[in-house]
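What follows is a short report on a single structure.
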Amino acid sequence: MSDANLNLGNLDACEDPFALFAQWFEAARAREINDPEAMTLATVDADGLPDARMVLCKGVEAGGLVFYSNVESAKGRQIEARPKAAALFHWKSLRRQARFRGPVSLIDEAAADLYFHSRPRQSQIGAWASQQSRALESRAALEALTAEYQQRFGDDEIPRPPYWRGFRLEADEVELWADGAFRLHDRVRFARAAHGWTRRRLFP
Ligand SMILES: Cc1cc2nc3c(=O)[nH]c(=O)nc-3n(C[C@H](O)[C@H](O)[C@H](O)COP(=O)(O)O)c2cc1C
């Protein structure tokens, strides 16, 4: 798809960051060579030390970003103790970034069930086999566990592991950033207000 066919909207006229973000996300899906949904998720550990890793954003709804993970993972425990996070998208092909900050909560189990069962069967088995973030003795041990679960479930429907959940980052702050010539980038910071959003342009 050529740049001319990409609809990236108008950051100057934007009043609702989620509306423009949805346009950028759609353009990224058309343009990125892989993982347009990938975002860096930053959390904070018990010592106040930041931590970050990629996750896939599987839903953008009502001012929030949805991702799925293991509540017993490092990120899951960090979020449980300090339920706030930041998320960052950088789409290299679009030369744009989008930043989000706010509280994180678990989404209901029915929504997690729905998404879990939409995933390939091998990924569902992988969710059972992976004790995410805990020490793993060898690659062979993971493969053995995968084979064990494969056998255990046979052709049956695979239940969602209870620790595998959906999380929602409710954005109180959003920053949309678009690359400009000679580092004169466009940056607009949005903050959630009683009705809608306030917006402020920032030096790049
Ligand atoms: C492109 C990409 C997408 C990923 N998506 C997810 C995801 O949606 N959920 C997840 O739990 N881990 C995902 N991972 C793996 C995480 O980056 C990370 O390794 C894992 O969640 C353990 O992180 P933690 O120990 O900080 O909890 C992804 C990794 C990459 C590179």
Side-chain angles (χ1 to χ4, degrees), residues 18 21-22 24-143 145-146 149 158-171:
F18 274 86
F21 175 72
W24 288 12
F25 209 178
E26 197 183 317
R29 285 200 172 96
R31 173 58 72 84
E32 286 292 308
I33 54 167
N34 55 39
D35 292 329
E37 298 171 339
M39 62 181 189
T40 301
L41 177 78
T43 49
V44 172
D45 76 8
D47 296 324
L49 187 65
D51 205 354
R53 79 293 286 157
M54 304 305 294
V55 294
L56 296 179
C57 174
K58 301 308 294 187
V60 181
E61 54 193 45
L65 303 175
V66 173
F67 59 94
Y68 293 88
S69 195
N70 185 324
V71 292
E72 296 171 7
S73 67
K75 79 181 85 48
R77 291 180 188 283
Q78 289 163 3
I79 290 168
E80 189 182 8
R82 295 186 176 207
K84 292 180 180 182
L88 170 69
F89 292 81
H90 175 220
W91 294 299
K92 290 191 172 69
S93 65
L94 301 180
R95 298 181 186 280
R96 275 168 168 71
Q97 71 173 332
R99 298 165 62 166
F100 300 83
R101 301 171 81 204
V104 182
S105 53
L106 287 170
I107 64 170
D108 66 49
E109 304 218 20
D113 282 337
L114 210 62
Y115 177 62
F116 183 78
H117 289 115
S118 77
R119 301 169 81 222
R121 202 172 165 81
Q122 274 310 112
S123 306
Q124 296 180 29
I125 289 172
W128 278 98
S130 174
Q131 302 299 306
Q132 196 175 61
S133 313
R134 277 154 286 190
L136 170 65
E137 181 191 313
S138 64
R139 173 89 206 171
L142 177 61
E143 285 167 8
L145 270 168
T146 307
Y149 279 108
I158 302 173
R160 176 180 55 82
Y163 50 77
W164 196 91
R165 295 289 302 265
F167 298 78
R168 185 170 187 278
L169 191 169
E170 169 100 11

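Atoms within each ligand, like the ligands themselves, are counted from 1 in listed order. Because the structure is predicted, anything quoted here is derived from the model rather than measured.
- A side-chain donor-acceptor contact under 3.5 Å links Ser133 to the backbone of Ala74.
- Protein heavy atom nearest atom 6 (C) of ligand 1, with residue, atom name and distance: Val55 CA, 3.5 Å.
- Pairing each heavy atom of Ala87 with each of Leu169, the nearest pair is CB-CD1, 3.8 Å.
- Residue pairs meeting the ring-ring contact (aromatic ring centres under 6.0 Å, His included) criterion with at least one partner in residues 34-69, sequence neighbours excluded, are Phe67-Phe167, Tyr68-Tyr115, Tyr68-Trp164.
- Protein heavy atom at the shortest distance from atom 21 (O) of ligand 1 is Lys75 NZ, 2.6 Å.
- Leu94 and Glu32 get closest at one heavy-atom pair: N-OE2, 4.1 Å.
- The shortest contact between atom 26 (O) of ligand 1 and any protein heavy atom is with Arg53 NE, 2.8 Å.
- Counting heavy atoms of neighbouring residues, nucleotides and ligands inside a 6.0 Å radius, atom CD of Glu137 does not exceed 12 of them.
- Protein heavy atom in closest approach to atom 17 (O) of ligand 1: Met54 O, 2.7 Å.
- There is no protein heavy atom closer than 4.0 angstrom to atom 19 (O) of ligand 1.
- Between the side chain of Gln97 and the backbone N or O of Trp91, no donor-acceptor pair lies under 3.5 Å.
- Taking the side chain as every heavy atom from C-beta outward, Phe116 and Pro161 approach each other to under 4.5 Å.
- The nearest heavy-atom contact from the protein to atom 24 (P) of ligand 1 is Ser133 OG, 3.4 Å.
- Looking from atom 1 (C) of ligand 1 to the surrounding protein, the closest heavy atom is Asp35 OD2, 3.5 Å.
- Annotation for ligand 1: atoms under 4.0 Å from non-hydrogen atoms of Ser69 are 10 (C), 11 (O).
- Atom 8 (O) of ligand 1 has its closest protein heavy atom at Leu56 N, 3.0 Å.
- Scanning the protein for heavy atoms near atom 12 (N) of ligand 1, the closest one is Gln132 NE2, 3.7 Å.
- Under a 4.0 Å criterion applied to the non-hydrogen atoms of Tyr68, ligand 1 contributes the atoms 7 (C), 8 (O), 9 (N), 10 (C), 11 (O).
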List, one per line, each side-chain donor-acceptor pair under 3.5 Å for residues 52-59, sequence neighbours excluded.
residue, atom, partner, partner atom, Å
Arg53, NH1, Leu41, O, 3.0
Arg53, NH1, Thr43, OG1, 3.0
Arg53, NH2, Thr43, OG1, 3.3
Arg53, NH2, Asp51, OD2, 3.4
Arg53, NH2, Gln78, OE1, 3.1
Lys58, NZ, Glu37, OE1, 2.7

